[in-house]
Amino acid sequence: SIKDLNIENANQIVDYLNKSFITWAQKYNGNQVETKLEIDKLFSIWVQSGAKKRYFGWVQENKNGKKNYLHVTGFEIKRSNTASYTIDIQEKAFNMILKEEYEQLKELLKIEKNKILTGQYKKELMFPAKYREIETKPSHFRAAIKAKELGYLINEEDSYLWCYII
């Protein structure tokens with residue numbers, strides 16, 4: 001069972017697969033083999049979103065020995081320009097999904113939606129963005145550009161907080 005599998009066992013399986021691949025390649029493709037499998041993380045459970053490089057899961061153990069942690073790839077929780085609220089809610093939601101706590105997740109989302117709609121969150125819904133990262137500059141960025149042109153101190157490395165008004 002996966003619960004009994006550890007990184008050492010997984011590496012033994014990978015070594016066997018690599019040797020088998022070499023044998024197969026030599027038989028059908030010549031002597032040169034460029035492919036080698038490696039174990040990076042051993043997940044006890046994971047969820048694939050359906051999009052490339054977008055998944056999360058519970059890491060049982062990684063190749064450096066770190067154990068029992070949530071790993072997320074490709075979701076907003078990992079991006080530097082994500083609102084603190086989004087990070088917090090996604091982390092809670094991912095953990096609930098992995099624990100199959102679907103009813104609790106539905107209740108959490110209902111409560112949080114109500115808090116958002118009643119204005120209980122302000123700064124938590126803002127997200128940082130670098131001045132120069134924005135392709136199509138919204139009005140407040142154009143205002144900052146104009147202020148800079150007029151001689152005000154505007155640093156292009158500064159981070160600004162964006163806020164969606166509902």
Side-chain angles (χ1 to χ4, degrees), residues 1-29 31-118 120-134 157-164:
S1 110
I2 189 71
K3 300 285 184 197
D4 299 326
L5 192 61
N6 61 35
I7 203 81
E8 284 181 38
N9 302 115
N11 279 323
Q12 289 173 355
I13 293 167
V14 166
D15 287 343
Y16 174 79
L17 291 172
N18 283 331
K19 289 174 188 170
S20 297
F21 184 70
I22 291 169
T23 303
W24 176 85
Q26 288 172 341
K27 183 176 180 180
Y28 295 102
N29 195 29
N31 292 327
Q32 192 171 3
V33 177
E34 300 290 329
T35 303
K36 184 178 179 191
L37 300 174
E38 291 181 358
I39 296 287
D40 185 44
K41 295 171 194 70
L42 181 61
F43 288 89
S44 57
I45 186 170
W46 69 285
V47 176
Q48 174 71 36
S49 75
K52 187 176 177 182
K53 295 185 181 181
R54 195 168 162 91
Y55 60 91
F56 62 94
W58 193 255
V59 175
Q60 187 172 320
E61 187 177 0
N62 73 12
K63 66 182 178 184
N64 299 322
K66 186 176 176 184
K67 297 181 179 185
N68 300 320
Y69 64 95
L70 175 67
H71 175 82
V72 179
T73 296
F75 285 91
E76 288 73 11
I77 191 173
K78 298 298 283 184
R79 297 189 181 122
S80 62
N81 64 346
T82 299
S84 61
Y85 174 81
T86 303
I87 292 169
D88 182 51
I89 290 299
Q90 275 194 352
E91 185 173 359
K92 286 177 184 175
F94 292 162
N95 277 303
M96 289 175 152
I97 291 167
L98 294 172
K99 293 175 185 173
E100 299 182 6
E101 297 174 345
Y102 305 121
E103 291 305 315
Q104 295 93 322
L105 177 58
K106 283 186 206 176
E107 188 60 30
L108 171 71
L109 295 176
K110 186 172 18 171
I111 290 167
E112 293 302 315
K113 177 183 176 183
N114 186 49
K115 286 180 180 180
I116 291 169
L117 294 176
T118 58
Q120 293 183 38
Y121 293 117
K122 299 276 191 256
K123 189 172 182 178
E124 294 90 342
L125 296 175
M126 296 179 183
F127 60 94
K130 293 275 187 198
Y131 172 85
R132 63 185 178 156
E133 288 177 352
I134 309 303
E157 294 299 315
D158 286 346
S159 289
Y160 296 86
L161 292 176
W162 287 48
C163 181
Y164 287 114

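As a basis for the values below, the full set of heavy atoms in this structure was taken, side chains included, without hydrogen atoms, waters or symmetry mates.
For the atom pair CD1 of I89 and CD1 of I87, the computed distance is 11.5 Å after rounding to the nearest 0.5 Å. Note that CD of Q48 is 10.0 Å distant from CZ of R54, once rounded to the nearest 0.5 Å. Here CD of E38 is found 6.0 Å from NZ of K63. Values are rounded to the nearest 0.5 Å. Between the NZ atom in K113 and the CD1 atom in I111 there is a gap of 13.5 Å [rounded to 0.5 Å]. Interatomic distance, CG of L109 versus NZ of K92, reported as 11.0 Å (0.5 Å rounding). Here T73 contributes atom OG1 and K78 contributes atom NZ; the two are 6.5 Å apart, rounded to the nearest 0.5 Å.
Under the 3.5 Å distance criterion, the side-chain polar atoms of N6 are matched with a main-chain donor or acceptor of E8. Distance alone, capped at 3.5 Å, places no donor-acceptor pair between the D88 side chain and the Y85 backbone.
In plain terms, the two heavy atoms of F75 and S49 that are nearest each other are CZ-CB, 3.8 Å. Considering all non-hydrogen atoms of both residues, I7 and L42 come closest at N-CD2, 3.9 Å. Smallest separation of non-hydrogen atoms from W58 and N95: CZ3-OD1, 3.7 Å.
Between the side chains of N18 and D15, no donor N or O sits under 3.5 Å from an acceptor N or O.
Residue E91 qualifies as open at atom CD: its count of foreign heavy atoms under 6.0 Å is 12 or below.
With a 4.5 Å cut-off on side-chain heavy atoms, E107 and K110 count as touching. Under the 4.5 Å side-chain criterion, counting only non-hydrogen atoms from C-beta, V59 is not in contact with K66. Side chains of L98 and W46 form no contact here, defined as non-hydrogen atoms less than 4.5 Å apart. In this structure, I77 and F56 have side chains that are not in contact, with every pair of non-hydrogen atoms separated by 4.5 Å or more. By the 4.5 Å heavy-atom criterion applied to side chains, N62 and Y69 are counted as neighbours.
Under the 30°/60° scheme for interplanar angles, the aromatic rings of Y55 and H71 are found to be tilted.
Applying the side-chain hydrogen bond (donor to acceptor under 3.5 Å, both in side chains) test to E76 and every residue at least two apart in sequence or in another chain returns R79, Q90.
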